[in-house]
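Before any comments, here is the structure.
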Amino acid sequence: WVGERGVRRIGWDALLWLSGGGLVLAYFAWWSSTTIYGPRYWYEAMPFFLLVAGRGLDLLGRVSARVAGAAWRGRARWAVPGAIFAVFTLYTLTQNIPWQASTYRYYNDITPDALSRAEGAGLTGALVFVELHPSRRNRDYGKAFFANSPLLDGPAVYVRDLGRDANAYLASLHPDRTAYWLPLEGPPVPGVGPP
């Protein structure tokens, strides 16, 4: 609170710190052993911590303005926080983001192989039943699910393989689409299940 009369903003700063810290403590009690990278509270707490960081840059600007000589006071007030922000932004864009992005390559053991095989077959108007790995049934569907159009009106609609009977029932609900079964290995096969 350099250069301010009183501490009128201390309540707002405390609210930001307590809100971000409360999220960290709440999520700390939620243990998980999945392949999620990093702490789960990070994105939810980000707005609080960004505002605190902004207040910190403002404080550095005010401190540097007091330290600088009279001729540089106005420039230092904005140049010091601006330079720090520019250095951190440059570091993040060139060092941190490329590394973080590389950790999501083949995230959750999901590769583009299944989707590449289906797209390579040139399917149009297709209902594609994606075979799921027996030990990864809940997450293996993600290898093709993201390729679905939000309105399910794309050339191919990818659905979970739930067995021949359930697949046949779903295919009967969509007579305008040709059913294909996409095995774990190999190209799509016409039908609702393994040949």
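The model shown is predicted, which means the values in this text are computed figures rather than measured ones.
- For Ser64 (side chain) and Gly61 (main-chain N/O), a donor-acceptor pair under 3.5 Å exists by modelled atom type.
- Val24 is connected to Val52 through a chain of hydrophobic side-chain contacts under 4.5 Å among Ile, Leu, Val, Met, Phe, Trp and Tyr, so both are in one cluster.
- At a cut-off of 3.5 Å, with distance as the only test, a side-chain donor of Trp181 or Asp161 sits close to an acceptor on the other residue.
- Nearest heavy-atom pair across Pro183 and Pro187 is CD-O, 3.4 Å.
- Rounding to the nearest 0.5 Å places CZ of Arg77 at 11.0 Å from CZ of Arg66.
- Between the side chain of Asn167 and the backbone N or O of Gly163, at least one donor-acceptor pair lies under 3.5 Å.
- Interatomic distance, Asp13 CG to Arg55 CZ, rounded to the nearest 0.5 Å: 4.0 Å.
- In the hydrophobic clustering of ILVMFWY residues, with side-chain heavy atoms under 4.5 Å counting as a link, Tyr180 and Val130 come out together.
- Taking Phe145 as the reference, Tyr141 meet the ring pair (Phe, Tyr, Trp, His ring centres under 6.0 Å) condition, with sequence neighbours excluded.
- When every heavy atom of Pro98 is checked against every heavy atom of Thr94, the shortest pair comes out as CG-O, 3.6 Å.
- Atom CG of Leu127 and atom CG of Leu152 lie 9.5 Å apart (nearest 0.5 Å).
- Among all heavy-atom pairs drawn from Tyr158 and Glu119, the shortest one is OH-CG, 4.3 Å.
- Under the 4.5 Å side-chain contact rule for hydrophobic residues, Leu59 and Trp78 do not share a cluster.
- Using modelled atom types, no side-chain atom of Glu131 and backbone atom of Leu182 make a donor-acceptor pair closer than 3.5 Å.
- Cluster partners of Val87, using a side-chain heavy-atom cutoff of under 4.5 Å among ILVMFWY residues and allowing indirect links: none.
- Under the 4.5 Å side-chain heavy-atom criterion for ILVMFWY residues, a single connected hydrophobic cluster contains both Leu51 and Phe48.
- In this structure, the side chain of Arg164 engages the main chain of Pro194 through a donor-acceptor pair within 3.5 Å.
- A pairwise comparison of heavy atoms in Val192 and Ala171 identifies CG1-CB, 4.0 Å as the closest pair.
- In this structure a side-chain-to-backbone donor-acceptor pair under 3.5 Å is missing from Asp176 to Gly125.
- Between atom CG of residue Asn96 and atom OH of residue Tyr91 there is a gap of 6.0 Å, rounded to the nearest 0.5 Å.
- Here Thr92 contributes atom OG1 and Gln100 contributes atom CD; the two are 10.0 Å apart, rounded to the nearest 0.5 Å.
- Connection of Phe49 to Trp12 is not established within any shared hydrophobic cluster, with ILVMFWY side chains joined at heavy-atom distances below 4.5 Å, either directly or through further cluster members.
- A side-chain donor-acceptor contact under 3.5 Å links Asp153 and Ser149.
- Heavy atoms only, all atoms of each residue included: Ala76 and Ala68 are closest at CB-CB, 3.8 Å.
- Using a 4.5 Å heavy-atom threshold, the side chains of Leu123 and Pro188 count as touching.
- With salt bridges taken as basic N to acidic carboxylate O contacts below 4.0 Å, none links Arg117 and Asp113.
- Applying the side-chain contact (heavy atoms from CB on, under 4.5 Å) test to Leu173 and every residue at least two apart in sequence or in another chain returns Tyr169, Leu170.
- How far CZ of Arg62 is from CG of Leu57: 11.0 Å, rounded to the nearest 0.5 Å.
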